[in-house]
Number of protein chains: 2
Amino acid sequence: MTSPVEMDIKKESRNYLDHISLDCVVFGFHSNQLKVLVLHMKKTGEWVLPGGFVYEDESIEVAANRVLKVRTGLDQIFLRQFNVFSDPQRSNRNPTVADLLMSGQDHPEASWFNQRFISVGFYALVEYSQVQPQPDELSDICEWVNLDKIGKLMMDHNAILNKALETLRLQLTFQPIGYNLLPEKFTMSELRKLYETIFGKELDRRNFQRKMLAYDILSRLDEVRQGVAHKSPGLYKFNLESYQKALDEGLNGKW
Amino acid sequence: MTSPVEMDIKKESRNYLDHISLDCVVFGFHSNQLKVLVLHMKKTGEWVLPGGFVYEDESIEVAANRVLKVRTGLDQIFLRQFNVFSDPQRSNRNPTVADLLMSGQDHPEASWFNQRFISVGFYALVEYSQVQPQPDELSDICEWVNLDKIGKLMMDHNAILNKALETLRLQLTFQPIGYNLLPEKFTMSELRKLYETIFGKELDRRNFQRKMLAYDILSRLDEVRQGVAHKSPGLYKFNLESYQKALDEGLNGKW
DNA sequence: GCAAAAGTGTTGTAGCTACACCCATGG
DNA sequence: CCATGGGTGTAGCTACAACACTTTTGC
């Protein structure tokens with residue numbers, strides 16, 4: 001399940017839709033590591049993906065953006081829905097959702113959380129350094145965790161994470177990725193390390209550079225990274241126009 | 001929205017979940033045409049995609065399979081969810097859903113249909129000749145319509161159809177398609193015509209054959225199609241084992 | 001025999017892999 | 001001056017598009 005942004009549902013003038021939640025796999029990249037944003041629940045000590053519910057007057061995309069704005073401080077995040085998780089048993093475990101979230105079963109909202117939720121999975125790509133992780137009322141920690149250090153998550157959140165990662169890898173083979181994960185200016189090595197991390201394997205330094213440049217989505221700047229050991233690498237930025245075009249039309253596979 | 005399989009919701013021992021529906025874009029292939037299964041509503045004369053609702057104790061995939069079993073007579077259909085449609089205004093039009101579905105506003109279930117629905121879009125690939133289209137209580141026609149003959153559909157169903165088609169085309173570039181759309185035995189021309197129809201452009205007859213055979217998902221049979229003009233074409237069938245492998249691992253784009 | 005479709009062969013090219021090689025920089 | 005990473009060049013291979021050519025069948 002999800003960590004609601006506001007707990008006082010009934011006091012809000014806007015109501016949440018029953019049965020529908022969303023969960024976000026927020027990817028960031030730092031020191032050559034792919035990281036995921038997770039929350040640590042106060043009461044049970046379980047780790048969960050950031051998530052939330054949908055107001056009666058908003059689309060699920062707007063809801064996901066709203067949730068992530070609170071959790072990261074960022075607006076207009078790169079967000080893609082990738083799967084709906086609807087196993088009837090997914091929110092039906094011991095301890096129950098309400099047990100985990102509420103301070104006691106006598107809490108008036110406990111039964112609301114005990115309903116069955118169908119969750120729409122989103123993945124988000126964000127620039128690590130721009131994010132200010134914010135826990136909510138139910139959690140004491142909101143932080144980046146290395147992908148390979150993620151342990152057992154609440155409910156089916158491990159399955160959600162795995163499916164997001166699978167989708168991200170698939171996207172990477174026919175769409176550009178990087179604009180949302182890297183700072184504005186970056187070296188070719190940094191971009192390559194990102195690709196290597198997502199794919200989980202090494203790529204040839206020289207061929208990667210040529211292939212990437214051939215896509216024609218990068219602009220080489222008249223700057224180099226200073227203060228680094230060895231030869232100063234050139235800096236690049238994405239050419240937003242052709243980057244967007246590549247997103248829309250795909251990179252290879254033309255038939 | 002959707003055409004419910006049963007109308008007497010409250011009389012059922014199983015209840016539908018509020019706010020959640022599903023819509024299916026069912027693709028078939030016949031006489032070199034891509035076709036879509038649509039229903040014609042008795043009361044308003046509008047055309048709609050087959051759809052339904054989710055029981056409290058089933059996953060959305062099971063619900064979609066159940067709906068299509070009633071509509072086509074087929075079970076275990078190739079079914080993929082591709083997008084969630086959640087615009088708050090999508091079920092909020094004139095005439096309203098309840099107007100269209102119920103015989104009058106005084107009908108006891110009218111208000112249930114008037115709630116906001118978030119719809120999970122599925123696309124299905126089926127073998128045309130195996131399908132027995134079945135209308136429901138609210139529709140007088142359930143039939144195949146050529147993709148290029150589809151007119152205005154109810155609500156946002158045209159958008160759902162377009163997104164399904166877009167997804168299908170994308171899938172086609174890196175996954176095999178055909179097993180679910182063609183009869184067991186088929187000629188290379190028939191398979192090529194299917195690809196040409198989905199892509200909406202002609203493909204080189206000779207290169208297509210080589211490329212397809214190189215994928216190693218076809219078995220050439222010791223049979224030819226008889227009674228056809230000109231040279232008898234050889235028949236093929238899919239090699240299910242490698243076909244499934246290609247589905248899982250993808251065909252090209254390796255990095 | 002001839003038109004039309006099936007089936008196989010060939011050639012040029014683009015893109016990729018796998019390297020070798022040189023360059024720039026910090027220690 | 002040397003270790004390390006940055007940048008460019010190139011040979012060989014593979015995949016594929018764009019064809020020519022041959023084979024088979026119905027009329």
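In what follows, chains are A, B, ... by sequence order, proteins preceding strands, each numbered from 1.
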Q: Provide, to the nearest angstrom, the distance between the CZ atom belonging to B:R192 and the P atom belonging to C:dG7.
A: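 After rounding, the reported distance stands at 11 Å.
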Q: Quick one: A:Q209 CD to D:dG7 P, roughly how many Å, whole number?
A: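 To the nearest whole Å, that distance equals 6 Å.
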Q: Using atom CG of B:D216 as one end and atom P of D:dA15 as the other, report the distance to the nearest whole Å.
A: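 Rounded to the whole Å, the gap is 13 Å.
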Q: In this structure, how many angstroms lie between the C1' atom of D:dG5 and the CD atom of A:E190, rounded?
A: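 So the two atoms are 13 Å apart, to the nearest Å.
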Q: Send over the distance from A:L191 CG to D:dG6 C1', rounded to a whole Å.
A: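 Result: 15 Å.
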Q: Give B:R220 one of three labels, base, sugar-phosphate or nothing, depending on what nucleic acid heavy atoms sit under 4.0 Å from its own.
A: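 Counting heavy atoms under 4.0 Å across all strands, the contact made by B:R220 is with sugar-phosphate only.
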Q: How close or far is atom C1' of D:dG5 from atom CG of A:L235, stated in whole angstroms?
A: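 My rounded result for the distance is 15 Å.
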Q: A:S189 near the nucleic acid: base, sugar-phosphate alone, or nothing, with a heavy-atom cut-off under 4.0 Å?
A: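 Sugar-phosphate, no base atom in range.
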Q: Between the side chain of B:E127 and the main-chain N/O of B:L181, is any donor-acceptor distance below 3.5 Å?
A: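 Looks like no, no N/O pair under 3.5 Å.
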Q: Would you mind reading off the distance between B:F208 atom CZ and C:dG7 atom P, rounded to a whole angstrom?
A: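 B:F208 atom CZ is separated from C:dG7 atom P by 13 Å.
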Q: Rounding to a whole Å, what distance do you find between A:L213:CG and D:dG7:C1'?
A: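 That distance rounds to 11 Å.
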Q: Output yes when A:K201 and A:E196 qualify as a salt bridge under the 4.0 Å nitrogen-oxygen rule, no when they do not.
A: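 No.
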Q: Mark up nucleotides 19-27 of chain C, 5' to 3', with B wherever a protein heavy atom is under 4.0 angstrom from a base atom, S wherever such an atom reaches only the sugar-phosphate, and - elsewhere.
A: BB--BBBS-
Q: Tell me whether B:T187 contacts the main-chain N or O of B:E190 through its side chain, where contact means a donor paired with an acceptor under 3.5 Å.
A: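 Present.
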Q: If you apply the rule side chain to side chain donor-acceptor pair (under 3.5 Å), what do you find for A:Y123 with A:R80, and how did you get there?
A: CA-CA 6 Å; A:Y123 71 87; A:R80 293 283 152 93; 5.4 Å; no
Q: Using only atom types and a distance under 3.5 Å, with no angle test, would you say the side chain of A:N65 pairs donor to acceptor with the backbone of A:I60?
A: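 Between the backbone of A:I60 and the side chain of A:N65 there is no qualifying donor-acceptor contact (under 3.5 Å).
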Q: Only counting residues at least two apart or in another chain, list the ones meeting ring pair (Phe, Tyr, Trp, His ring centres under 6.0 Å) with B:H230.
A: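 Partners of B:H230 under the ring pair (Phe, Tyr, Trp, His ring centres under 6.0 Å) test: none.
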